[in-house]
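Throughout, protein chains are lettered first and strands after them, A, B, ... in sequence-line order, and every chain is numbered starting at 1.
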Amino acid sequence: MKIVTYNVNGIGARLPRLLEYLEEQAPDVCCLQELKADDEKFPAAAIEGVGYGAVWHGQKSWNGVAILAKGRQPEERRRGLAGDPDDTHSRYIEATVGDVLVGCLYLPNGNPQPGPKFDYKLAWMERLIVHAAGLLATELPAVLCGDYNVIPTLSHDDTFSVRAMAQDALMQPESRAAFRRLLFQGWTDALRVRHPAGPLYTFWDYQAGAWQRDAGFRIDHHLLSPAAADRLIDAGVDKVYRGREKASDHAPTWVVLRDA
DNA sequence: ATGGCATGTCATACATGA
């Protein structure tokens, strides 16, 4: 079972690229972030046209997440995280596909920091940590994937430049510490387990020729519960899609799990 | 230290992104 996370940076502008990806790679599950469209604008018919069922949680202009499943309808379990009834951002949706629980998340960017946006990011991470603990307690095979907006380590393996990102919310000590606390609950960082050393990026900025000079960083992650990690076969980044016309600034990132 | 670019909208400028 191939499970992808893909921040599309606007489902409207990216639909041809997404449909092309689904047809070429045919992942079993495809988690989307940054739809930048409300529920009515989600292109469910076009996605169904290439053979995918979907659940989605949209929002006008910003945010928005969806889970697509090949040849079947994902069974939605929840949308949004508990812990803040005033939070209106569409950043989390969760469904089961077959015997696997899939959580699709778009973690707040947090820039500029310090400031209210960074505070919101850290608070959102606390809510995610609480929810993730509950998922582990079920002992189900679970995959928590998405755009975490966290560079996990101060290493060239995770960013083109530690120095350039030093003041960025994505790489602050508080952001990395919260991500580590999540991991230490018992989650496996699938991409890094499969590729223990060497640069591995999932995002390249549109600006300043970042793609051309490979100035990227790793912020899209698959966290696997123990039952899912036992079934991990491979993980990778479909980097070629970042180089195509009208590409998102994120590349699709994937894991393959053995069938139960 | 700055700027570079892309997307979407209450569009011909601004907010947001990372």
| request: Select base, sugar-phosphate, or nothing to describe what Gly12(A) touches, counting heavy atoms under 4.0 Å on all strands. | output: sugar-phosphate
| Rounding to a whole Å, what distance do you find between Gln172(A):CD and dA18(B):C1'? | 13 Å
| Between dA18(B), dT16(B), dG8(B), which one does the side chain of Ala13(A) approach most closely? | dG8(B)
| Which listed nucleotide (dG17(B), dA6(B), dA18(B)) is nearest to the side chain of Asp147(A)? | dA18(B)
| task | Can you spot which of Ile93(A), Val55(A), Val102(A), Thr96(A) makes a side-chain contact (heavy atoms from CB on, under 4.5 Å) with Arg77(A)? | result | Thr96(A)
| query | Is Asn149(A) touching bases, backbone alone, or none of the nucleic acid, heavy atoms closer than 4.0 Å? | reply | sugar-phosphate
| message | Side chain of His250(A) only, heavy atoms from C-beta on: which candidate in dC5(B), dT9(B), dA18(B) is closest? | response | dA18(B)
| From dG17(B), dC10(B), dT7(B), pick the nucleotide closest to the side chain of Tyr106(A)? | dG17(B)
| request: Could you please spell out the steps behind the side-chain contact (heavy atoms from CB on, under 4.5 Å) verdict for Leu232(A) and His222(A)? | output: CA-CA 11 Å; Leu232(A) 178 61; His222(A) 289 83; over 6 Å; no
| After noting the C-alpha distance and the side-chain angles of Glu40(A) and Lys60(A), does the key distance pass the salt bridge (charged side-chain N to carboxylate O under 4.0 Å, His left out) rule? | CA-CA 10 Å; Glu40(A) 289 70 31; Lys60(A) 189 174 184 177; over 6 Å; no
| field | Value in whole Å for how far the C1' atom of dG8(B) lies from CG of Leu35(A) | value | 13 Å
| message | Output the rounded distance in Å from CZ (Arg14(A)) to P (dA6(B)). | response | 10 Å
| message | Just the rounded figure in Å: distance from P of dG17(B) to CD of Gln113(A). | response | 14 Å
| query | With a 3.5 Å cut-off and no angle check, do the side chains of Thr153(A) and Asp158(A) form a donor-acceptor pair? | reply | yes
| query | According to a strict under-4.0 Å criterion, is Lys41(A) in side-chain N/O contact with OP1 or OP2 of dG8(B)? | reply | no
| request: Please tell me which of the listed nucleotides, dA18(B), dT7(B), dG4(B), lies nearest to the side chain of Leu170(A)? | output: dA18(B)
| task | Output the single nucleotide from dA6(B), dG3(B), dT9(B) whose closest atom is nearest the side chain of Ser61(A). | result | dT9(B)
| Whom does dA11(B) pair with, Watson-Crick or G-U wobble, provided both distances fall under 3.5 Å? | none
| message | Does a side-chain N or O of Lys36(A) approach OP1 or OP2 of dT16(B) to a distance below 4.0 Å, or not? | response | no
| message | Quick one about Tyr6(A) and Asp238(A) (side-chain donor to acceptor, distance below 3.5 Å, no hydrogens or angles considered), yes or no? | response | no
| query | What interatomic distance, in whole Å, is found between P of dC10(B) and the corresponding atom of dA6(B)? | reply | 23 Å
| message | Between dG4(B) and dC14(B), how far apart are the two P atoms, rounded to whole Å? | response | 16 Å
| What nucleic acid atoms does Asn63(A) come within less than 4.0 Å of, heavy atoms only: base, sugar-phosphate, or nothing? | nothing
| field | Distance test, side-chain N/O of Lys246(A) to OP1/OP2 of dT7(B), below 4.0 Å | value | yes
| query | To the nearest Å, how far apart are Asn109(A) CG and dA15(B) C1'? | reply | 13 Å
| query | On a whole-Å scale, what distance lies between the C1' atoms belonging to dA18(B) and dG3(B)? | reply | 15 Å
| query | Which base, if any, makes a Watson-Crick or G-U wobble pair with dC5(B), both distances under 3.5 Å? | reply | dG17(B)
| What pair of heavy atoms forms the shortest contact from Gly53(A) to Pro74(A), and how long is it? | C-CD, 3.7 Å
| Shortest non-hydrogen contact from Ala66(A) toward Phe42(A) | CB-CE1, 3.8 Å
| field | Atom-pair distance (CG on Leu107(A); P on dG17(B)), nearest Å | value | 12 Å
| task | Counting heavy atoms from C-beta on, name the nucleotide in dT9(B), dT7(B), dA18(B) closest to the side chain of Lys60(A). | result | dT9(B)
| said: Whether Asn9(A) contacts dT7(B) is assessed here as follows: a side-chain N or O lying under 4.0 Å from the phosphate OP1 or OP2. Is that the case? | reply: no
| Within the structure shown, what part of the strands sits under 4.0 Å from Asn111(A) by heavy-atom distance: base, sugar-phosphate, or nothing? | base
| field | Integer-rounded Å distance: dA15(B) C1' and His89(A) NE2 | value | 12 Å
| query | Gln59(A) CD to dA15(B) P: how many Å, rounded? | reply | 17 Å
| message | Go nucleotide by nucleotide along DNA chain B from the 5' end; which of Arg213(A) and Met165(A) gets its closest nucleotide reached first? | response | Arg213(A)
| said: Under 4.0 Å, counting only non-hydrogen atoms across every strand here, what does Lys121(A) touch: a base, just sugar-phosphate, or nothing? | reply: nothing
| Selection from dG17(B), dG8(B), dA18(B) that lies nearest to any side-chain heavy atom of Arg91(A) | dG17(B)
